[in-house]
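Taking it in order: structure first as structure tokens, then the write-up.
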Amino acid sequence: MYLFGLVLQLGASIIPYYLCGMMDKKVRVRFAPSPTGGLHLGGVRTVLFNYLFAKHHGGDFIVRIEDTDQTRFVAGAEAYIFECLAWCGLTPDESPLHGGPHAPYRQSERKAMYSQYAMQLVQNGQAYYAFDTPEELDAKRKEFPNFQYNYQHRTGLRNSLMLSEAETQLLLQNGTPWVIRIKMPDNEDIRFTDMIRGDVHFNSSQSDDKVLLKADGMPTYHLAVVVDDYLMQITHAFRGEEWLPSAPVHVLLWQYLFGLQHMPQWAHLPLILKPDGNGKLSKRDGDRLGFPVFAMNWTDPRTNDFAQGFRERGFLPEAFVNMLAMLGWNDGTGQEIFSLPELIERFSMDRVHKGGAKFDFEKAKWFNQEWIKNTPVQHYSAQVKLLFEQAGILITNDTQFETVLHLVKERCIVLNDFVQQAAFFFATPQNIDIAAIKPKWDEKKNQFFLELIRAFELTTLWQHDELEKELKEMAAAHQLKPGELMLPLRIMLVGGKFGPGVFDIAGIIGREATISRITHTLQLLQA
RNA sequence: GGAGCGUUGGUCAAGGGGUUAAGACACCUCCCUUUCACGGAGGAAUCACGGGUUCGAUUCCCGUACGCUCUACCA
């Protein structure tokens with residue numbers, strides 16, 4: 001007996017509270033987006049934390065589509081969400097796309113399941129029918145400055161609380177539109193423990209009588225989330241902080257319907273804020289400040305409104321995920337670069353922040369640069385090759401292409417930078433920055449390069465060291481400093497003041513191209 | 001308005017009664033590099049405010065301010 005107690009105590013001190021009592025249950029989390037548009041940074045981060053937590057604990061990650069509002073249905077949005085997840089490498093264990101034992105995973109297809117629970121609440125006096133029209137409600141809102149459908153006002157409205165049983169039945173039989181609302185208890189303390197914020201409590205009177213079942217027979221989020229989390233055996237529920245104020249409704253629903261002991265542990269994630277000023281980061285901020293907010297390109301089919309994605313901006317999914325993980329979480333060691341498997345291993349809820357984080361695109365770019373730099377080019381060369389082809393540059397030699405990518409990769413922040421940084425390896429530069437050469441150009445240098453061409457024509461070993469040696473020796477003979485020659489030569493070969501070492505470039509583009517580019521620029525300088 | 005949640009440099013953040021208050025991004029200077037970048041060395045810059053508790057508070061408590069979120073038959 002004594003020993004048993006000791007073991008329990010020990011156990012309690014080691015195991016986080018949010019896993020206590022869950023030891024026998026497999027961890028199951030869900031991401032529950034509504035398919036109304038592009039997938040936002042914050043959405044992906046919610047997915048990520050769900051995923052990391054589940055995988056860290058060997059659990060399941062479920063995606064459930066919350067499409068209970070048919071007026072907001074957007075064609076293609078669901079497919080887009082799954083494509084984003086696939087791009088990020090966050091594969092669901094169960095979803096409408098991947099199937100699973102709790103199908104269907106679209107709430108619109110689960111419509112029939114919800115009403116029985118709403119009815120049960122009505123039966124138990126925990127919810128009621130309301131017949132008020134939207135117009136009547138609007139009128140009330142105008143009449144009272146802070147109108148809420150609550151203990152204060154529900155007596156003055158048209159609902160089964162006020163109507164007699166017969167009147168209610170008559171209205172129902174006549175086909176009068178109705179909704180079911182939860183009856184929020186008066187002045188009750190509702191509390192729960194949030195994994196991130198600890199004990200949170202609300203007074204029940206503060207919330208209004210939320211609609212549970214809409215006039216079209218669909219549940220609202222409030223009912224659907226509770227019913228489905230129960231049916232799908234969700235153990236931990238992550239969502240944005242904006243949901244905190246409606247949590248008491250959900251806690252109450254759990255208490256009424258399934259019992260608090262089955263309620264998942266809640267975690268309300270801090271918000272991702274706009275870089276300047278305050279407030280939630282929105283697509284609008286991205287447009288304004290020139291950075292993507294969505295994971296991938298998204299065009300709203302209704303408005304044709306286009307939003308650029310991180311993927312198309314040239315981000316590696318590894319970098320995108322890494323950057324998102326660090327927005328609100330860190331492992332305490334100062335390490336910032338993590339692969340997905342590392343994140344899974346290190347992730348823990350007790351290191352998730354409470355406060356929101358302003359999104360910093362500069363830092364996001366740094367993550368991508370690090371990933372480009374530290375990843376073998378083979379990993380992304382196919383994608384970069386496509387970028388070259390889009391720019392009208394055909395790549396024929398893959399081995400040489402990858403050599404070039406490797407040579408320039410630390411100069412690239414996004415994948416698209418490779419085109420600018422390496423196009424001149426495969427195509428003669430169209431624009432030569434003559435203005436950068438001209439001020440210090442003279443006949444002496446002209447003669448030098450003329451002679452350099454002749455020497456290059458005869459060079460036997462066309463490679464870096466040999467070419468450098470030749471230029472230096474010839475510079476000495478002409479009483480010129482190599483430094484005065486390097487920049488002109490670079491511009492002749494590259495077109496501008498960028499790129500890797502000049503002799504590396506000459507070595508790769510070959511004798512013919514090197515000579516012809518020098519000749520061409522010399523002609524331009526003559527003109 | 002109400003309620004809830006939050007607040008360490010410009011940004012992300014570590015720390016958590018005694019520290020010169022880590023580190024990263026960005027910025028500035030220098031070194032390396034005969035371009036740019038990478039790399040290296042430095043610099044500037046912070047505990048929102050006011051009360052407690054304490055020998056001592058950035059850290060604990062209480063207020064205040066500020067910010068955000070919610071306040072739909074949207075999620």
Side-chain angles (χ1 to χ4, degrees), chain A residues 32-36 66-69 71-72 107 130 132-134 137-138 141 145-150 177-181 194 196-197 200-203 205-208 210-222 224-225 239-248 268 270-271 273-280 323 326-337 351 353-367 369-370 373 408-413 417 421 433 436 472 475 481-491 494 496-502:
Chain A
S34 76
T36 51
E66 309 229 333
D67 56 349
T68 52
D69 185 358
T71 63
R72 295 210 307 160
Q107 289 183 331
D132 318 272
T133 65
L137 261 15
D138 279 346
R141 277 186 259 270
N146 293 309
F147 173 81
Q148 287 213 302
Y149 208 120
N150 62 7
W178 51 269
V179 301
I180 289 177
R181 286 180 183 270
D194 185 276
I196 296 170
R197 285 149 224 285
V200 182
H201 55 264
F202 294 83
N203 188 297
S205 308
Q206 285 150 203
S207 178
D208 62 347
K210 297 276 180 228
V211 169
L212 264 20
L213 205 64
K214 300 189 264 188
D216 63 3
M218 279 284 197
T220 59
Y221 172 82
H222 306 294
V225 73
R239 65 199 342 183
E241 192 188 339
E242 69 267 28
W243 287 107
L244 213 37
S246 57
H268 291 90
L271 265 17
L273 278 9
K274 56 185 73 191
D276 56 341
N278 296 299
K280 263 202 289 192
M323 175 271 291
M326 302 310 289
L327 235 42
W329 175 87
N330 70 82
D331 79 340
T333 66
Q335 181 178 339
E336 292 190 276
I337 302 298
R351 297 201 63 89
H353 270 239
K354 292 183 176 77
K358 288 186 182 180
F359 176 67
D360 181 4
F361 189 54
E362 291 306 318
K363 186 83 185 224
K365 286 195 292 192
W366 175 78
F367 276 105
Q369 187 176 21
E370 287 296 305
K373 208 168 64 192
V408 303
K409 69 176 183 173
E410 66 220 13
R411 274 156 248 258
C412 298
I413 292 171
D417 290 340
Q421 286 295 329
D433 188 4
K472 285 194 169 161
K481 285 185 209 152
E484 299 177 85
L485 278 0
M486 299 295 280
L487 189 67
L489 179 56
R490 162 176 303 281
I491 290 170
V494 171
K497 291 195 255 188
F498 59 93
V502 194

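None of the values given here were measured: they were computed from a predicted structure.
- Using atom P as the reference point in both U29(B) and C61(B), the two lie 45 Å apart (nearest Å).
- Here the separation of U46(B) from A21(B), taken at their C1' atoms, is 9 Å to the nearest Å.
- Among residues two or more places apart in sequence or in another chain, the side chain to side chain donor-acceptor pair (under 3.5 Å) test is passed with Lys481(A) by none.
- Distance check on atom C1': A75(B) versus A14(B) gives 36 Å, rounded to whole Å.
- At a threshold of 4.0 angstrom between heavy atoms, the contacts of Val494(A) with the nucleic acid are absent.
- Judged as a side-chain contact (heavy atoms from CB on, under 4.5 Å), and not counting sequence neighbours, the contacts of Asp276(A) are Lys274(A), Arg288(A), Leu289(A).
- Relative ring orientation between Trp243(A) and Tyr221(A) is described as parallel, the plane-to-plane angle staying below 30° on a 0-90° scale split at 30° and 60°.
- Separation of atoms NE2 (His222(A)) and OG1 (Thr68(A)) is listed at 10.0 Å; rounding is to 0.5 Å.
- Taking atom CD1 on Ile413(A) and atom C1' on A26(B), their separation rounds to 12 Å, with Å as the unit.
- Every pair passing salt bridge (charged side-chain N to carboxylate O under 4.0 Å, His left out) that includes a residue from residues 356-367 of chain A is listed here, sequence neighbours excluded: Glu336(A)-Lys363(A), Glu362(A)-Lys365(A).
- Every stem involving RNA chain B, taken as at least 3 paired positions in a row under the Watson-Crick or G-U wobble test at 3.5 Å, is listed here: B:1-7 with B:65-71, B:10-12 with B:23-25, B:27-31 with B:39-43, B:48-52 with B:60-64.
- Partners of Lys409(A) under the salt bridge (charged side-chain N to carboxylate O under 4.0 Å, His left out) rule, at least two apart in sequence or in another chain, do not exist in this structure.
- With sequence neighbours excluded, the residues that form a side-chain contact (heavy atoms from CB on, under 4.5 Å) with Thr333(A) are Asp331(A), Gln335(A).
- Within the nucleic acid shown, Asn330(A) comes within 4.0 Å of sugar-phosphate atoms alone, with no base atom in reach, counting heavy atoms only.
- In this structure, Met323(A) places its CE atom 15 Å from C1' of A24(B), rounding to the nearest Å.
- Nucleotides G51(B) and A65(B) have their C1' atoms positioned 14 Å apart, rounded to a whole Å.
- The salt bridge (charged side-chain N to carboxylate O under 4.0 Å, His left out) test applied to Lys373(A) returns Glu370(A), not counting sequence neighbours.
- Scored by the ring-ring contact (aromatic ring centres under 6.0 Å, His included) test, Phe367(A) finds no partners at all (sequence neighbours excluded).
- What separates CH2 of Trp366(A) from C1' of A26(B) is a distance of 12 Å, to the nearest Å.
- Among the heavy atoms of the strands lying under 4.0 Å from Arg351(A) are primed sugar atoms or P, OP1, OP2 only; no base atom is included.
- For the pair Arg411(A) and Phe498(A), the cation-pi criterion (under 6.0 Å, within 45° of the ring axis) is not fulfilled.
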What does the B/S/- profile of nucleotides 30-45 of chain B look like, 5' to 3', with a 4.0 Å heavy-atom cutoff to protein?
----BBBBSS------

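- Between the C1' atom of C68(B) and the NE2 atom of His268(A) lies a distance of 15 Å, rounded to the nearest Å.
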Scan nucleotides 70-75 of chain B nucleotide by nucleotide, 5' to 3', and note B when protein non-hydrogen atoms come under 4.0 Å of the base, S if they reach only the sugar-phosphate, - if neither.
SS-BBB

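- Rounded to a whole Å, the CD atom of Glu362(A) is 12 Å from the P atom of C25(B).
- Among residues two or more places apart in sequence or in another chain, the ring-ring contact (aromatic ring centres under 6.0 Å, His included) test is passed with Trp366(A) by none.
- Comparing C66(B) with U8(B), their C1' atoms sit 16 Å apart, to the nearest whole Å.
- Atom CG of Asn330(A) sits about 5.5 Å away from atom NE2 of His353(A), to the nearest 0.5 Å.
- Taking the six-membered ring where tryptophan is involved, the planes of Phe147(A) and Tyr149(A) are perpendicular, since the angle between them exceeds 60° and thus also 30°.
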Annotated protein contacts, base or backbone, on nucleotides 6-12 of chain B with a non-hydrogen cut-off under 4.0 Å, one of B, S, - each
S----SS

